[in-house]
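This chain uses plain numbering: 1 for the first residue, then up along the sequence. Counting starts at 1 for both ligands and their atoms, in listed order.
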Amino acid sequence: MPRSPLIARTVPALRRSLDALRKRKATVALVPTMGALHDGHMSLVRLARRRASRVVVSIFVNPTQFAPTEDFGAYPRTWNADIAKLAAEDVDLVWHPTVEAMYPDGFATRIVPEGPALAGLEDRFRPHFFGGVATVVGKLFTQCRPDVAIFGEKDFQQLRVVTQMAGDLDLGIKVVGSRTVRERDGLAMSSRNVYLSAEERQRAATLYRAMKESAGRIRAGEAIGPVMADGARMIEKAGFALDYFEARHAETLAPVTSRKDGPLRILVAARLGTTRLIDNIAV
Ligand code: PAF
């Protein structure tokens with residue numbers, strides 16, 4: 001029978017648990033999550049297990065990365081199922097702070113990321129998002145002091161922002177990206193996929209098909225502009241409202257005009273009904 005992980009809900013309890021875990025020169029990997037764990041998260045946990053002797057998973061639905069119009073209240077919360085999944089992977093500790101523990105009365109400090117956070121992708125549509133993410137991840141890093149932190153490549157701009165922040169602030173934490181886990185038809189796993197109706201779910205994999213087709217054509221030497229325009233049309237024809245469908249430099253996220261400007265990454269964000277999906281692949 002799997003052993004339930006330790007659960008800490010306050011900073012002093014977290015410190016005590018981490019001190020105990022760190023005995024005998026253990027190394028610690030942190031997997032930051034907002035819960036509603038699916039197979040994509042579990043692949044992050046398994047990578048964490050390979051990278052360190054102790055695995056800490058944080059579960060915190062961070063209010064500061066949601067705009068008032070977004071789904072903070074409706075965001076799926078599946079605590080019992082999450083803990084059962086983490087127990088099955090032998091996770092050592094779950095950091096599950098209350099909002100008050102994370103942002104106590106009088107909290108007045110924020111991290112304001114630049115560089116990849118201002119690439120004109122997610123930040124164009126969710127201007128509040130990376131400030132909220134950088135501040136909470138900065139706190140998770142200083143609270144847990146991991147050797148390694150694992151983030152999904154699915155949120156590719158977030159991965160670039162967090163990597164930049166850990167380097168800029170000399171945190172001494174290695175940020176590792178983990179490959180996106182996909183459903184059989186190519187749809188990237190996401191906690192928000194539960195919002196899709198059965199009919200929308202059928203159409204949702206068009207995002208992956210459009211990225212794959214465009215990446216193949218760019219690799220074959222076709223010009224980026226027309227290829228990306230065709231991909232955008234394919235997505236809109238499937239009924240999505242497109243926020244962006246772009247090829248960018250895979251590290252700086254700067255715009256590119258030719259394959260020679262690369263390594264390249266194709267990134268997409270689009271809404272199907274009320275559900276906003278994001279995804280990306282390497283070219
Ligand atoms: O990717 C997520 O789940 C969140 O943005 C993160 C990194 C846990 C910060 O709240």
Which side-chain N or O atoms in residues 111-118 pair as donor and acceptor under 3.5 Å with protein atoms at least two apart or in another chain?
none

What is the distance from atom CG of Leu277 to atom CG of Asn193, rounded to the nearest 0.5 Å?
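Going from the CG atom of Leu277 to the CG atom of Asn193 covers 6.0 Å.
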Non-neighbouring partners of Arg248 that pass salt bridge (charged side-chain N to carboxylate O under 4.0 Å, His left out), sequence neighbours left out:
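Here the qualifying residues are Glu246.
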Protein N/O near ligand 1 N/O, under 3.5 Å, which pairs?
from     : atom 1 : to     : atom 2 : distance (Å)
ligand 1 : 1 (O)  : Gln158 : NE2    : 2.9
ligand 1 : 5 (O)  : Gln65  : NE2    : 2.9
ligand 1 : 5 (O)  : Gln158 : OE1    : 2.7
ligand 1 : 10 (O) : Gln65  : OE1    : 2.7

So which pairs with a foot in residues 28-45 pass salt bridge (Lys or Arg N to Asp or Glu O under 4.0 Å), sequence neighbours left out?
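Found none.
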Within 45° cone and under 6.0 Å: Arg9 NZ/CZ vs Phe60 ring
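No, Arg9 does not lie over the aromatic ring of Phe60.
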Tell me whether Ser53 contacts the main-chain N or O of Thr27 through its side chain, where contact means a donor paired with an acceptor under 3.5 Å.
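Flag set: sc Ser53 to bb Thr27 pair under 3.5 Å.
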